[in-house]
Amino acid sequence: GTTAQFTNNPYAKLIEGGNSTRKLRSGMIFLNAELDFDQWVKGLKSVTSLSYSTFSAYTISKSEDYLSYYWNPAAEDGKGIISPTHQGVKSSGRSYSANSTSQVLQLQERLTWDWAKNGHAVNLGASFLMYNAAVQGDGRYRRMMQTVADAKYAYKNRYVVEGAVQYAGSSRFDKEHRFHPFASAGVAWVASNEDFIKNASWIDYLKIKAQYGVIGTYENAFGSAYRYQSEFDRANSGTFGPILTLDTWFGTKTWTAQKTTLSKLANPNLDWEKFHMWQVGLDFDFCKDFTFSATVYGQKTIGEIVNANSSVPRVFGIPDATIYANIASNKRLGYELSLGWRHTFGDFTLFAAANAAHWNTVYNKVLNDDYLYEYQKKTGTSTSDIWGLECIGKYQTQEQVETIPSYSTVTIGDLMYKDQNNDGKIDSNDEKVIGNTQPALRYSVRLGFEYKGLALEIVGMGRTGYDYMCNSAYFWNGWGDGNYSAFVRDNLGGAYPNISYVKSGNNFVNSTFWMRDVSWFKLQNVNLSYDIPLKNKKVLKGLSVKLEGQNLATLTNLEYVDPESPASGVSQLPLFRVFTAGAKFKF
């Protein structure tokens with residue numbers, strides 16, 4: 001038995017789903033040479049690594065299928081029509097079904113020199129990395145090469161200055177833009193080592209630090225390769241010859257030819273995306289029991305690679321071709337805070353800690369951000385904004401149905417939306433920012449104690465100040481086999497608007513009606529353990545027991561679904577409450 005929405009039967013898949021044998025083979029050669037040149041240059045060392053790895057896998061299988069019927073409660077035996085996806089197709093024998101291979105060659109050299117004298121300390125380094133990989137299905141080598149020079153200077157463990165310069169190359173770009181330099185620098189001041197602060201007994205450690213750099217990322221080096229080149233695809237075939245249903249004056253033979261179309265237009269000027277990043281931080285330990293840290297950071301992405309096809313007029317004749325270009329830009333600002341406390345009273349220790357974080361990413365430059373109305377522009381808005389219609393109530397009278405514009409055909413009880421541009425109709429031009437999926441604050445707390453082998457730790461975490469659009473199968477109708485959603489079923493005549501099944505209708509579009517505050521706090525983990533004291537340890541050296549609970553309780557304003565993962569229990573496996581008990585023996 002299956003349904004149109006739940007098309008698979010797990011039991012049938014296990015019993016009649018066939019079988020397969022998968023074999024994996026892997027090998028690695030790793031050579032490492034560490035050289036110490038102290039007898040010639042004190043503090044000079046070298047580490048050279050060469051590795052080659054290979055991996056292959058193949059699967060031999062017998063693909064079987066089971067015969068499935070749609071459940072029909074009206075039928076005597078419950079059987080409805082035969083499922084279109086499971087019709088009992090059998091296989092006569094086993095056959096090759098899949099394989100994968102990969103090979104990676106990597107060479108790395110690291111040269112360092114350390115020197116210290118009279119409170120001065122210098123650390124210099126240089127690195128070289130060459131990476132070459134071939135992966136089945138990619139059809140292209142993945143190659144990267146980079147050289148890094150770094151330096152660090154410290155004086156009396158108080159003042160620290162460091163910097164790094166990187167020259168990186170990737171096969172992802174054309175030869176004119178394949179290699180690019182990047183640089184970063186940082187400074188730090190360990191104020192607690194200053195003479196005028198050492199006498200402050202309540203200050204245990206105080207460090208102020210700052211960094212700035214322009215970097216490339218792993219995605220820059222190993223993202224989709226050869227985007228700068230043109231690509232052609234074979235399109236649907238074309239047929240030449242007479243139309244046999246009409247006349248055959250010119251013969252009856254037809255010819256078929258394959259058509260080729262441009263799928264990607266070359267852009268040899270495609271370049272690395274640049275990430276400008278800065279960070280300012282503080283580490284502070286005080287009064288023997290407290291620790292505090294604070295970090296404020298920012299990032300600006302320049303030249304983000306996007307598909308610029310929509311900016312090319314269709315008169316050029318390449319309406320479906322991908323065109324990659326460095327156009328988009330965004331910027332992020334955020335902070336992280338943490339505070340901890342730990343104190344011991346004889347055999348009893350108490351501890352508590354909390355941390356909080358916030359960040360927001362804003363569109364700085366957007367491709368084709370030209371709209372008729374200012375409220376539709378993306379530039380300056382958050383990348384996590386929710387766009388939708390503003391719900392202003394429900395249609396109460398027939399006069400309202402006939403005079404107030406709607407998204408589609410409506411009746412009394414359906415949702416009513418605000419006409420943002422006053423053009424007498426409700427459409428995509430009336431969508432605006434109505435919420436944000438990025439929490440204003442992410443936080444966690446940790447509490448506990450330790451006493452003579454007995455320990456308790458409680459961890460809670462939460463999110464606040466963000467929204468969720470209730471548009472999953474739990475809330476909206478029209479997902480599958482003719483049933484109304486659970487939300488509709490439980491709210492008829494109340495919170496739910498006029499009964500309507502079609503998912504794409506007036507009531508089933510993103511709007512403030514379906515948006516909810518999804519702030520939540522969870523008792524995420526409770527761990528209780530006890531190291532049992534043993535008098536005779538000749539045989540049993542140690543014994544401890546543990547009881548742990550996860551996902552124990554949730555406080556939230558969001559009903560019906562789990563706020564941490566709203567898709568869980570709807571289109572994904574649910575988040576379970578888990579209890580674990582265990583014992584550990586040492587002999």
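This one's a predicted model, so the numbers in the text were calculated from it and none came from an experiment. Both backbone and side-chain heavy atoms feed into the values below; hydrogens, waters and symmetry mates do not.
Taking the charged nitrogens against the carboxylate oxygens, E162 and K209 have no contact shorter than 4.0 Å, which rules out a salt bridge. K90 has a carboxylate O that lies under 4.0 Å from a charged side-chain N of E16, or vice versa, which qualifies the two as a salt bridge. Using a cutoff of 4.0 Å between basic side-chain nitrogens and carboxylate oxygens, K586 and D531 are not scored as salt-bridged. Salt-bridge formation is detected for the pair E457/R446: a Lys NZ or Arg NE/NH1/NH2 atom is positioned less than 4.0 Å from an Asp or Glu carboxylate oxygen. The pair D195-K156 does not meet the salt-bridge criterion, since no charged nitrogen lies less than 4.0 angstrom from a carboxylate oxygen.
Residues M145 and F128 have side chains in contact (heavy-atom distance under 4.5 Å, counting atoms from C-beta outward). For the pair T7 and T2, the minimum side-chain heavy-atom distance is 4.5 Å or more. Side-chain atoms of H120 and W115, non-hydrogen and from C-beta on, do get closer than 4.5 Å to each other. When side chains are defined from C-beta on, L454 counts as touching F449, because their heavy atoms get closer than 4.5 Å. At a threshold of 4.5 Å between non-hydrogen side-chain atoms, the residues F275 and T301 count as touching. Counting only heavy atoms from C-beta outward, the side chains of F521 and T554 never approach each other to under 4.5 Å. Considering only heavy atoms from C-beta on, N436 stays 4.5 Å or farther from Y466 through its side chain. By the 4.5 Å heavy-atom criterion applied to side chains, L44 and L111 are counted as neighbours.
The neighbour count for I29 CD1, taken as heavy atoms of other residues, nucleotides or ligands under 6.0 Å away, does not exceed 12. The environment of Y11 atom OH is sparse: at most 12 non-hydrogen atoms of other residues, nucleotides or ligands sit within 6.0 angstrom. By the neighbour-count criterion of 12 heavy atoms within 6.0 Å, atom OH of Y159 is densely surrounded, having more than that number from other residues, nucleotides or ligands. Remark: K300 NZ is loosely packed, at most 12 non-hydrogen atoms of other residues, nucleotides or ligands lying under 6.0 Å away. Heavy atoms of other residues, nucleotides or ligands lying less than 6.0 angstrom from NZ of K198 number more than 12. Heavy-atom contacts from other residues, nucleotides or ligands closer than 6.0 Å to NZ of K452 number 12 or fewer.
Of the possible polar contacts, one joining the T556 side chain to the S519 backbone as a donor-acceptor pair under 3.5 Å is found. Judged purely by atom type and a 3.5 angstrom limit, H358 has no side-chain atom pairing as donor or acceptor with the backbone of Y335. Between the side chain of W202 and the backbone N or O of K288, no donor-acceptor pair lies under 3.5 Å. Distance alone, capped at 3.5 Å, places no donor-acceptor pair between the S184 side chain and the G213 backbone. Distance alone, capped at 3.5 Å, is enough to place a donor-acceptor pair between the W476 side chain and the C470 backbone. In terms of modelled atom types and a separation under 3.5 Å, the side chain of S91 and the main chain of G93 share a donor-acceptor contact.
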Item to check | Chi angles and distances behind the side chain to side chain contact (heavy atoms under 4.5 Å, CB included) call for K13, N8 | outcome: CA-CA 8 Å; K13 180 69 175 177; N8 294 309; over 6 Å; no
Checklist entry - Given the rule in the side-chain hydrogen bond (donor to acceptor under 3.5 Å, both in side chains) test, do T48 and E109 qualify, once you have shown the distances and angles that lead to the verdict? => result CA-CA 5 Å; T48 306; E109 164 66 24; 2.3 Å; yes
Checklist entry - Taking it one step at a time, do N360 and S382 satisfy side-chain hydrogen bond (donor to acceptor under 3.5 Å, both in side chains)? => result CA-CA 7 Å; N360 186 36; S382 174; 2.8 Å; yes
Item to check | Intermediate values then yes/no, side chain to side chain contact (heavy atoms under 4.5 Å, CB included), N330 and E304 | outcome: CA-CA 8 Å; N330 59 61; E304 184 179 348; 3.1 Å; yes
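The line from CG of N527 to CD of E548 is 4.5 Å long, rounded to the nearest 0.5 Å. Once rounded to the nearest 0.5 Å, the distance linking CZ of F284 with OG1 of T291 reads 11.0 Å. In this structure, OG1 in T59 is found 8.0 Å from CG in L24, a value given to the nearest 0.5 Å. Atom OH of Y468 is separated from atom CZ of R516 by 10.5 Å, given to the nearest 0.5 angstrom. The CG atom of L14 sits 10.0 Å away from the OH atom of Y66 when rounded to the nearest 0.5 Å. Atoms CG and CG, from N355 and L337 in turn, are 9.0 Å apart once rounded to the nearest 0.5 Å.
Remark: aromatic rings of W514 and F487 are close, center separation under 6.0 Å.
Shortest non-hydrogen contact noted between N193 and R158 is O-NE, 3.1 Å. Minimum heavy-atom separation, C287 to D204: N-OD2, 3.4 Å. Nearest heavy-atom pair, Q438 versus S384, reported as atom, atom and distance to 0.1 Å: CB-OG, 3.1 Å. The two residues F579 and G549 have their closest heavy-atom pair at CD2-CA, 4.2 Å. When every heavy atom of L552 is checked against every heavy atom of R577, the shortest pair comes out as O-NE, 3.1 Å. Closest non-hydrogen pair, L540 versus L534, comes out as O-CD1, 3.5 Å.
Taking the six-membered ring where the residue is Trp, F475 and Y560 present perpendicular rings, their angle passing 60° and hence far from 30°. Note: F585 and F587 have parallel aromatic rings, judged against thresholds of 30 and 60 degrees for the angle between ring planes.
A side-chain contact (heavy atoms from CB on, under 4.5 Å) with Q106 is found for one member of N132, L129, L50 and no other, namely L129.
A search for salt bridge (Lys or Arg N to Asp or Glu O under 4.0 Å) contacts involving D38 returns nothing, not counting sequence neighbours.
With 3.5 Å as the limit, one finds a donor-acceptor pair spanning the side chains of D114 and N123. There is no side-chain donor-acceptor pair under 3.5 Å between S127 and Q108. Inspection of the N551 and K522 side chains reveals an N or O donor paired with an N or O acceptor under 3.5 Å. If you check the side chains of S338 and S293, you find a donor sitting under 3.5 Å from an acceptor.
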